[in-house]
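The figures here come from the full heavy-atom set of this structure, side chains too, leaving out hydrogens, waters and symmetry mates.
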Amino acid sequence: MAAVSDRLPAFPWDKLEPYKKTAAAHPDGIVDLSVGTPVDPVPELIRQALIGAADSPGYPTVWGTVALRDAITGWVRGRLGASAAEHRNVLPVVGSKELVAWLPTQLGLGAGDKVAYPRLAYPTYEVGARLCGAEAVVYDDPTELDPAGVKLLWLNSPSNPTGKVLAKEDLVRIVAWAREHGILLFSDECYLELGWEAEPVSVLHDDVCGGSYEGIVAVHSLSKRSNLAGYRAAFVAGDADVLGELLEIRKHGGMMTPAPVQAATVAALGDDTHVEEQRERYAARRAALRTALEAHGFRVEHSEASLYLWVTRDEPCWDTVAHLAGLGILVAPGDFYGEAGARFVRVAFTATDERVEAAVKRLG
């Protein structure tokens with residue numbers, strides 16, 4: 001039996017282990033700014049919703065409860081500006097990473113098909129293409145791609161790793177191009193509520209898509225905005241025909257969001273207070289780290305949104321990783337996200353206030 005893992009690149013985070021050991025040897029301990037996992041408490045109202053639904057002995061449905069679909073459609077209309085969204089335009093999923101990795105397979109893509117994604121990008125877009133045997137292609141501007149054979153186009157705004165935000169006019173142009181060539185467009189918008197120096201816009205916004213979701217789907221997650229990475233709470237919204245097909249496939253595949261997580265998602269989407277409180281925490285950490293990094297000789301590029309600073313000292317990224325590990329600070333090398341990141345590192349500001357303060361002191 002051929003190993004499916006043979007199709008995949010080496011798991012990038014394993015390469016960081018030696019540097020993690022170096023950073024962990026610091027007398028005051030490691031400051032881990034690499035993966036970007038949430039560290040702040042899950043908001044109380046969300047935990048209570050989870051607890052309240054803990055007695056759920058039956059199977060949940062793949063499409064979710066009516067309350068969940070109401071919550072998602074209400075949020076999509078109000079927050080994304082997608083005024084025409086209905087239940088048929090939404091689908092809960094078990095984690096956004098899982099969706100990204102298995103989407104090309106679920107769409108029936110394979111040899112001879114192309115999956116396109118940004119030159120600097122979240123590695124799972126490539127993994128999804130490789131898992132189904134499709135060809136992975138990268139772009140700087142998707143409208144400059146040869147559309148022949150491109151079946152799935154990934155956008156990512158705000159970007160992981162760079163924090164770059166696509167302007168509304170660029171989204172309008174890209175959506176029109178994808179529709180002209182019959183290319184399905186999925187937009188990863190998981191950091192949309194974390195804009196700092198720019199206001200991210202969804203592809204589902206009425207001004208972008210003209211009120212029609214034909215050929216476009218947006219991906220959203222509660223991991224970052226609500227500290228729910230451990231819940232695997234996410235959803236997609238957009239083209240009803242595409243989501244209907246995915247719903248049928250996922251019914252057979254058993255990809256059901258657990259009932260307690262569905263209840264927690266309803267609570268999370270119905271409350272803005274905890275989102276603003278978390279934004280304030282991240283804003284303070286971001287400002288402190290940015291100031292310290294710039295004073296240490298780093299240049300920050302893009303980073304106008306998301307949970308990361310994209311920085312460089314104009315040297316190979318692994319030299320930078322080693323330098324910071326010597327200070328007890330672990331960051332992600334830019335080449336994890338593509339060759340174009342070879343002289344950058346990604347610095348997450350998801351550590352606790354105490355650890356961020358420790359990093360700032362060490363950089364000083």
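You'll find the side chain of T73 stays beyond 4.5 Å of the side chain of N89, heavy atoms only. Using a 4.5 Å heavy-atom cutoff, the side chains of L68 and W63 are not in contact. Under the 4.5 Å side-chain criterion, counting only non-hydrogen atoms from C-beta, V242 is in contact with F186. Proximity of P142 to R173: side-chain heavy atoms (C-beta onward) are nowhere separated by under 4.5 Å. Between H323 and V321, the closest side-chain pair of non-hydrogen atoms is not below 4.5 Å. Residues P161 and W310 form a side-chain contact, since some pair of their non-hydrogen atoms from C-beta on lies under 4.5 Å apart. Taking 4.5 Å as the limit, some side-chain heavy atom of D40 sits within range of a side-chain heavy atom of R281. For the pair R299 and V311, the minimum side-chain heavy-atom distance is 4.5 Å or more.
Figure legend: cation-pi geometry between R346 and Y308, with NZ or CZ positioned under 6.0 Å from the six-membered ring centre and within 45° of its axis. Cation-pi geometry between R279 and W196 is satisfied (NZ or CZ under 6.0 Å from the ring centre, within 45° of the ring normal).
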Worksheet entry | Steps toward side chain to side chain contact (heavy atoms under 4.5 Å, CB included) verdict (L152, I183) | CA-CA 6 Å; L152 174 61; I183 296 171; over 6 Å; no

Fill in: Audit row: Y282, T350, side chain to side chain contact (heavy atoms under 4.5 Å, CB included) steps and yes/no
CA-CA 7 Å; Y282 284 142; T350 54; 4.0 Å; yes

Worksheet item: Could you go step by step and tell me if S187 and I216 meet the side chain to side chain contact (heavy atoms under 4.5 Å, CB included) rule?
Response: CA-CA 8 Å; S187 180; I216 57 173; over 6 Å; no

Worksheet item: Can you list the steps and then say if D70 with H87 is a side-chain hydrogen bond (donor to acceptor under 3.5 Å, both in side chains)?
Response: CA-CA 7 Å; D70 281 343; H87 280 202; 2.7 Å; yes

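Counting only distance, with no hydrogens or angles, the side chain of D206 and the backbone of S83 share a donor-acceptor pair below 3.5 Å. R225 contributes no side-chain N or O that, together with a main-chain N or O of Y191, makes up a donor-acceptor pair within less than 3.5 Å. A donor-acceptor pair is defined here as one N or O able to donate and one able to accept, closer than 3.5 Å; such a pair exists between the side chain of R69 and the backbone of G64. A donor-acceptor pair under 3.5 Å is formed between the side chain of D113 and the backbone N or O of G110. With hydrogens and angles ignored, the 3.5 Å screen pairs no side-chain donor or acceptor of E189 with any backbone N or O of S157. In terms of modelled atom types and a separation under 3.5 Å, the side chain of R179 and the main chain of E214 share a donor-acceptor contact.
In this structure, a donor-acceptor pair under 3.5 Å is absent between the side chains of D188 and H220. A donor-acceptor contact closer than 3.5 angstrom links the side chains of R250 and Q106. A donor-acceptor pair shorter than 3.5 Å can be found between the side chains of T320 and E315. Side chain to side chain, H302 and S159 fail the donor-acceptor criterion of an N or O pair below 3.5 Å.
Between D14 and P18, the shortest heavy-atom distance links the atoms O-CD, 4.3 Å. Residue Y213 comes nearest to L204 through the heavy atom pair CE2-O, 3.8 Å, listed as atom of the first residue, atom of the second, then distance.
Note that CD of Q262 is 13.0 Å distant from CZ of F235, once rounded to the nearest 0.5 Å.
At a threshold of 4.0 Å, the pair K361-E357 counts as salt-bridged, since one of the basic side-chain nitrogens sits closer than that to a carboxylate oxygen. Between R232 and E98 a salt bridge is recorded (basic side-chain N to carboxylate O distance below 4.0 Å). Residues R362 and D28 are paired through a salt bridge, judged by an N-O separation under 4.0 Å between the basic side chain and the carboxylate. Using a 4.0 Å cut-off between a side-chain N of Lys or Arg and a carboxylate O of Asp or Glu, E197 and R290 qualify as a salt bridge. Salt bridge annotation for R130-D6: absent, with no cationic side-chain nitrogen under 4.0 angstrom from a carboxylate oxygen.
Two rings, from W318 and Y19, have their centers less than 6.0 Å apart.
Taking the six-membered ring for Trp and thresholds of 30 and 60 degrees, F298 and H296 have nearly parallel ring planes, at less than 30 degrees apart.
With L33 as the fixed residue, the side chain to side chain contact (heavy atoms under 4.5 Å, CB included) test singles out one of L289, L309, L324, V345: L289.
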